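Before any comments, here is the structure.
Positions are given from 1, in the same order as the sequence printed here. Predicted model, so just to flag it, every value in this text is computed and none were measured.
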Amino acid sequence: MTRQAIIERTVKAINQLPEDKAEEISDFADFVSKRYEEHQLTHGIQKLAADSNTFDFLNNEEELYSVVDLKEVYNG
């Protein structure tokens, strides 16, 4: 089903409802829209952080400890 067909079907259904029920649908649509907007924002922030070079200095950090420094080895 196309986006336009979904919209038309929804509008038709809303037009058949009493005002209070139509208002509930409007409130739900606002909720879904805000949730989608927050998801997009979160995804954008995650992508921005993943693509940044902010923590690249950690890749060049020297190893301070090795297996030799262990006093006891855990063998699970």
Side-chain angles (χ1 to χ4, degrees):
M1 185 178 289
T2 67
R3 185 175 196 271
Q4 188 60 36
I6 294 169
I7 292 170
E8 289 172 7
R9 188 180 82 183
T10 305
V11 169
K12 183 179 177 183
I14 292 171
N15 284 331
Q16 295 174 356
L17 294 173
E19 186 175 337
D20 63 323
K21 297 299 180 187
E23 192 171 338
E24 281 184 42
I25 293 174
S26 175
D27 291 343
F28 181 70
D30 287 341
F31 167 75
V32 171
S33 177
K34 287 177 185 169
R35 190 173 65 179
Y36 177 73
E37 185 178 295
E38 289 173 2
H39 173 74
Q40 290 296 101
L41 183 61
T42 301
H43 180 72
I45 290 170
Q46 288 172 343
K47 182 167 175 29
L48 188 63
D51 293 345
S52 76
N53 298 326
T54 304
F55 296 103
D56 281 353
F57 70 93
L58 294 173
N59 295 330
N60 301 327
E61 192 172 45
E62 66 178 278
E63 293 293 328
L64 299 177
Y65 302 103
S66 70
V67 176
V68 179
D69 296 319
L70 293 176
K71 292 182 179 179
E72 186 176 326
V73 179
Y74 178 73
N75 291 321

Rounded to the nearest 0.5 Å, how far does [atom2] of [Y] lie from [atom1] of [X]?
X	Y	atom1	atom2	answer
Ile14	Gln16	CD1	CD	10.5 Å
Ile45	Gln40	CD1	CD	11.5 Å
Thr2	Arg9	OG1	CZ	10.5 Å
Glu23	Ile25	CD	CD1	11.0 Å
Ile6	Arg3	CD1	CZ	8.5 Å

Legend entry - Note: Asp30-Lys34 ion pair, threshold 4.0 Å (strictly below):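 Salt bridge between Asp30 and Lys34, a charged N being under 4.0 Å from a carboxylate O: no.
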
Inset, instruction - Using a strict 4.0 Å threshold on nitrogen-to-oxygen distance, state whether Glu24 and Lys21 make a salt bridge. - result: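 Counted as a salt bridge, because a side-chain N and a carboxylate O are separated by less than 4.0 Å.
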
For [Y], does its backbone N or O pair with a side-chain atom of [X] as donor and acceptor, under 3.5 Å?
X	Y	value
Ser26	Ala22	no
Ser33	Ala29	no
Asp69	Ser66	yes

Inset, instruction - Inspect the surroundings of OH in Tyr36 and state if more than 12 heavy atoms from other residues, nucleotides or ligands are less than 6.0 Å away. - result: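 Check fails, neighbour count at 12 or below.
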
Legend entry - Exceeds 12 heavy-atom contacts within 6.0 angstrom, atom CD of Glu19: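 No, CD of Glu19 has 12 or fewer neighbouring heavy atoms, counting only those of other groups under 6.0 Å.
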
Legend entry - Leu70 side chain reached by Val73 side chain, heavy atoms, under 4.5 Å: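 A side-chain contact exists here, since the closest heavy-atom pair is under 4.5 Å.
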
